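Since this is a predicted model, take the numbers as computed values, not measurements. Residue numbers start from 1 in every chain, and the chains themselves are labelled A, B, ... in the order their sequence lines are given, proteins ahead of strands.
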There are 2 protein chains.
Amino acid sequence: MAIQESKVKTAVDGRKGERADHIYRVAAEIMCQKGYEATSMKDIADAVGLTKAGIYHYIVGKEDLLFQIMSFAMDMVDENVVTPARKIADPEQRLRVIIEGHARRILEVGGAVTVILEEMAALTPAHRKAIRARKRRYFDLVRETIGELQTQGKLRDVDPTVAAFNLFGMINWISRWYRPDGKLTPDQIMRDFLQIALNAVLRNA
Amino acid sequence: MAIQESKVKTAVDGRKGERADHIYRVAAEIMCQKGYEATSMKDIADAVGLTKAGIYHYIVGKEDLLFQIMSFAMDMVDENVVTPARKIADPEQRLRVIIEGHARRILEVGGAVTVILEEMAALTPAHRKAIRARKRRYFDLVRETIGELQTQGKLRDVDPTVAAFNLFGMINWISRWYRPDGKLTPDQIMRDFLQIALNAVLRNA
DNA sequence: GTCTATAAACGGATAGAC
DNA sequence: GTCTATCCGTTTATAGAC
């Protein structure tokens with residue numbers, strides 16, 4: 001199914017199929033470890049078993065590769081966090097779903113989801129503007145959710161914007177300290193994490 | 001602080017005086033904006049009004065420059081946050097001082113304090129080990145403080161390590177969203193921030 | 001599709017004049 | 001102390017053979 005899907009995508013949106021997807025995924029992993037600027041095309045070529053020139057058959061250039069990776073990460077967040085969350089009417093329950101969904105993307109995906117947090121400065125102005133707009137829509141959802149909680153009297157006596165930033169800080173910082181081979185499992189972390197994050201902003205929780 | 005002390009330090013530890021300090025400060029600001037790898041020696045030279053060759057009179061090399069900047073940032077945190085905090089016996093009051101002191105360094109200093117959060121990967125193994133050790137001692141102070149709060153029954157039912165990481169996440173993330181020319185002043189931010197951060201980990205606060 | 005070869009620019013760093 | 005000139009490695013990207 002993935003194969004046929006990619007053939008459709010080739011015709012539809014100019015992608016080059018699953019080999020290209022493989023390059024994106026490997027590149028995301030390397031850029032996540034070494035940083036975008038410190039990652040050379042040769043690093044990526046070696047990791048996928050092609051020459052430097054060879055991978056240019058699949059990509060437009062280094063910066064565009066980064067943009068594709070970030071777009072993919074945003075697709076994933078939209079699909080797995082934002083869209084499900086928008087279907088939930090109760091703001092407290094919606095916030096819970098957002099926090100857990102977002103944190104689990106970082107714990108279980110890594111790569112692309114981390115790159116989008118760290119490498120905005122490497123994008124061209126047009127690409128940066130596009131990614132920023134998508135991030136902004138997500139941020140607004142969270143801030144509005146916190147705003148609804150304030151209306152219900154469930155928020156602490158704080159600025160909803162500051163509360164939203166702190167929530168993102170806790171969640172996104174996970175990518176800096178979580179190690180898949182460490183003592184703490186994703187499930188253990190999520191249990192404590194949700195308690196801490198919800199109490200940070202909610203009166204009772 | 002480094003500015004006033006620089007004459008003393010020149011005699012004491014081999015630094016080159018206030019012009020070197022100026023280079024460090026300017027370099028920290030540029031690296032903070034563009035990232036270490038994307039910052040060229042020419043960027044720094046232009047900003048201080050020297051040629052690329054000229055600044056090598058004051059620095060050992062690019063990586064060492066980064067190490068000096070990070071060492072300076074750690075000196076600042078040690079002097080203004082860690083040392084004062086260690087003198088406080090009550091863990092809840094000590095945690096308050098750490099959170100406020102650390103957050104204010106980010107809000108009011110920027111540059112060097114931000115670089116140390118983002119560019120560890122660019123250091124040589126020996127330098128990275130040295131900075132990591134200093135960061136680790138600071139982290140241990142925070143975790144032990146949280147441990148004392150747990151003993152006193154003031155901590156929520158969570159792992160002190162996860163609590164410490166989340167605290168650092170909220171604090172360090174400030175560098176990602178705070179803008180000196182924005183609507184929120186450091187004092188406004190600190191008021192809400194302390195309430196959110198303390199309630200994140202403490203039972204009553 | 002994938003390669004070898006190479007272009008063209010830029011990087012950090014140094015030599016040596018002044 | 002600061003400059004000009006330059007070395008030399010590395011970078012992204014392309015041309016063109018197979």
- Mind checking side chain to side chain contact (heavy atoms under 4.5 Å, CB included) for A/Thr39 and listing every partner two or more places apart, or none if nothing turns up?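 Checked A/Thr39 against side chain to side chain contact (heavy atoms under 4.5 Å, CB included); matches are A/Ile30, A/Met31, A/Lys34, A/Asp43, A/Ile44.
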
- Task: Only pairs at least two apart or in different chains count here, so list each salt bridge (charged side-chain N to carboxylate O under 4.0 Å, His left out) that has a residue in residues 57-70 of chain B.
- Result: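 Salt bridge (charged side-chain N to carboxylate O under 4.0 Å, His left out) check on residues 57-70 of chain B returns no pairs.
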
- Hey, what do you get for CD (B/Glu148) to CZ (B/Arg143), rounding to the nearest 0.5 Å?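 Separation between the atoms: 13.0 Å.
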
Any side-chain heavy atom of [X] within less than 4.5 Å of one from [Y]?
X	Y	result
B/Arg128	B/Pro125	yes
A/Val201	A/Gln150	no
A/Met120	A/Leu123	yes

- Message: For a quick test of reading the model, state the closest non-hydrogen atom pair linking B/Arg156 to B/Leu202 and the distance between them.
- Response: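 Closest approach of B/Arg156 to B/Leu202, heavy atoms only: NH2-O, 3.0 Å.
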
- Query: How close do A/Arg176 and B/Leu117 get, heavy atom to heavy atom, and via which atoms?
  - Reply: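 Shortest heavy-atom contact: NH1-O, 2.7 Å.
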
- Item | Minimum-distance nucleotide to A/Tyr58 side chain [options: C/dT2, D/dT4, D/dT12] |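 Nucleotide nearest to A/Tyr58's side chain: C/dT2.
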
- Query: NA contact type, A/Ser40, heavy-atom cut-off 4.0 Å: base, sugar-phosphate, or nothing?
  - Reply: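 Sugar-phosphate: the residue A/Ser40, judged by heavy atoms under 4.0 Å, touches backbone atoms but no base.
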
Between atom [atom1] in [X] and atom [atom2] in [N], what is the gap in whole Å?
X	N	atom1	atom2	result
B/Lys42	C/dC10	NZ	P	10 Å
B/Asp64	C/dT14	CG	P	12 Å
A/His57	C/dT2	NE2	C1'	9 Å

- Task: Taking only Lys NZ, Arg NE, NH1 and NH2, and the carboxylate oxygens of Asp or Glu, determine whether A/Arg134 and A/Asp78 approach each other closer than 4.0 Å.
- Result: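 Answer for the salt bridge query: yes.
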
- Message: Just to be sure I understand the geometry, which residues of residues 27-34 of chain B put a non-hydrogen atom under 4.0 Å away from DNA chain C?
- Response: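 Going residue by residue through residues 27-34 of chain B, none turns out to have a heavy atom under 4.0 Å of DNA chain C.
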
- Query: Considering the terminal five base pairs at each end of the helix from C/dG1-D/dC18 to C/dC18-D/dG1, what angle separates the two local helix axes, rounded to 10°?
  - Reply: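 Helix axis angle between the two ends: 0°.
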
- Message: If the condition is side-chain hydrogen bond (donor to acceptor under 3.5 Å, both in side chains), which residues does A/Lys52 pass it with, not counting sequence neighbours?
- Response: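 Listed in chain order: nothing, the list is empty.
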
- Assign a letter to each nucleotide of nucleotides 13-18 of chain D from its 5' end: B, base within under 4.0 Å of a protein heavy atom; S, sugar-phosphate only; -, no contact. BBB---

